[in-house]
Student: 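First the structure, then my questions, so here it is.
Any value given below was found using the heavy atoms of this structure, including those in side chains, with hydrogens, waters and symmetry copies removed. All figures in this text were calculated on a predicted structure; none of them were measured in a lab.
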Amino acid sequence: MIKLPTTEQIDAASAAFESYFNAVGKVVHAWNHLHEELGKLFCHVAGINEGLGMATWHSSTNDKAQRLMLEAAITERSHDPDWSDDHPGAEKGIRWILHKANDMGEKRNTAIHAPCSIIAGEQELEIFAYSFSQNPRAKKLRGKDILAEFDWYERSADALRRHVRDAQMALWDAHVPWPDKPRMPVLELGPARKERSRQSAAK
């Protein structure tokens with residue numbers, strides 16, 4: 001005889017999935033705002049007003065293609081010695097930003113495209129990547145703490161977004177020095193992540 005799940009089991013599964021849905025949504029939200037700031041950085045590098053620049057940026061619906069616009073713009077700008085003298089560190093700094101953004105873009109794509117489900121853990125239900133069908137995105141998450149991973153992706157995107165805004169200010173005002181690289185968040189597992197979440201909720 002098939003044993004139907006209890007109300008408590010159904011509620012536990014729903015809560016587990018809700019945590020996963022929230023984690024994915026936060027990754028997407030943080031990424032979207034980071035990419036919008038990259039568009040504004042493109043305007044500063046290209047030397048065009050934000051209205052025209054953002055219209056050009058959004059003429060492509062592909063995130064990677066948009067970042068290639070920024071890469072092309074900084075490559076062209078680097079050939080202008082006056083611009084480079086006015087903004088020392090900008091070319092190297094923007095290429096670092098692009099490197100980090102490209103890496104985060106891969107993580108974001110993994111977060112939104114990898115199918116995940118729930119499994120009974122030692123103490124509670126856990127999210128796991130459904131990699132049995134050899135989904136390449138899911139395979140990247142195999143054996144990982146999914147919620148911790150996605151929390152890390154979100155915090156990393158937020159940290160880079162703040163750095164990009166500082167970079168915009170340095171390009172807008174030549175008297176503002178190029179910002180130092182930010183201290184990027186580290187992956188927090190288990191108790192460390194739960195404790196930070198508890199402290200954030202208490203504020």
Student: Run the side-chain contact (heavy atoms from CB on, under 4.5 Å) check on L141 and I127 step by step: do they pass?
Tutor: CA-CA 11 Å; L141 294 174; I127 302 295; over 6 Å; no

Student: Taking side chain to side chain contact (heavy atoms under 4.5 Å, CB included) as the definition, give me every residue that meets it alongside A65, ordered by chain and number, with sequence neighbours left out.
Tutor: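 Result, side chain to side chain contact (heavy atoms under 4.5 Å, CB included) vs A65: S60, N62.
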
Student: Checking the side chain of W152 only, and the main-chain atoms of P185 only, is there a donor and an acceptor separated by less than 3.5 Å?
Tutor: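 Present.
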
Student: For K26, enumerate each residue passing the side chain to side chain contact (heavy atoms under 4.5 Å, CB included) test, keeping only those at least two apart in sequence or located in another chain.
Tutor: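 If we apply the side chain to side chain contact (heavy atoms under 4.5 Å, CB included) test to K26, skipping adjacent residues, the hits are E154.
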
Student: Quick check on side-chain contact (heavy atoms from CB on, under 4.5 Å): which of L34, L38, N32 does R161 satisfy it with?
Tutor: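 Among the candidates, only L34 passes.
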
Student: Measure the spacing between NE2 of H99 and CG of D103 and express it to the nearest 0.5 Å.
Tutor: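 One finds 6.0 Å between NE2 of H99 and CG of D103.
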
Student: Start with the C-alpha distance between S117 and F128, add both sets of side-chain angles, then the distance that settles side-chain contact (heavy atoms from CB on, under 4.5 Å), and finish with yes or no.
Tutor: CA-CA 6 Å; S117 190; F128 77 101; 3.7 Å; yes

Student: For Q168 and E37, indicate whether the former's side chain and the latter's backbone hold a donor-acceptor pair under 3.5 Å.
Tutor: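 Such a contact is found between Q168 side chain and E37 backbone.
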
Student: Listed by chain and number, what are the side chain to side chain contact (heavy atoms under 4.5 Å, CB included) partners of H79, not counting sequence neighbours?
Tutor: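 H79 satisfies side chain to side chain contact (heavy atoms under 4.5 Å, CB included) with T75, E76 once adjacent residues are dropped.
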
Student: Please check this pair: side chain of R137 against backbone of I112, looking for a donor-acceptor N/O pair closer than 3.5 Å.
Tutor: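 The answer is no, because no donor-acceptor pair under 3.5 Å joins these two groups.
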
Student: Donor-acceptor check, side chain of R77 to backbone of V45, threshold 3.5 angstrom: yes or no?
Tutor: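 The answer is yes, because a donor-acceptor pair under 3.5 Å joins these two groups.
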
Student: Applying side-chain contact (heavy atoms from CB on, under 4.5 Å) to K107 and K140, what does each step give before you reach the verdict?
Tutor: CA-CA 9 Å; K107 289 181 169 61; K140 290 184 177 182; over 6 Å; no

Student: NE2 of H58: more than 12 outside heavy atoms within 6.0 angstrom?
Tutor: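 It does: H58 NE2 has more than 12 such atoms within range.
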
Student: Hey, would you say the W96 and H163 ring centroids sit under 6.0 Å apart?
Tutor: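 Between H163 and W96, which both carry aromatic rings, the centre distance is below 6.0 Å.
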
Student: Quick one: CE on M169 to CZ on R165, what's the gap to the nearest 0.5 Å?
Tutor: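 These two atoms lie 8.5 Å from each other.
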
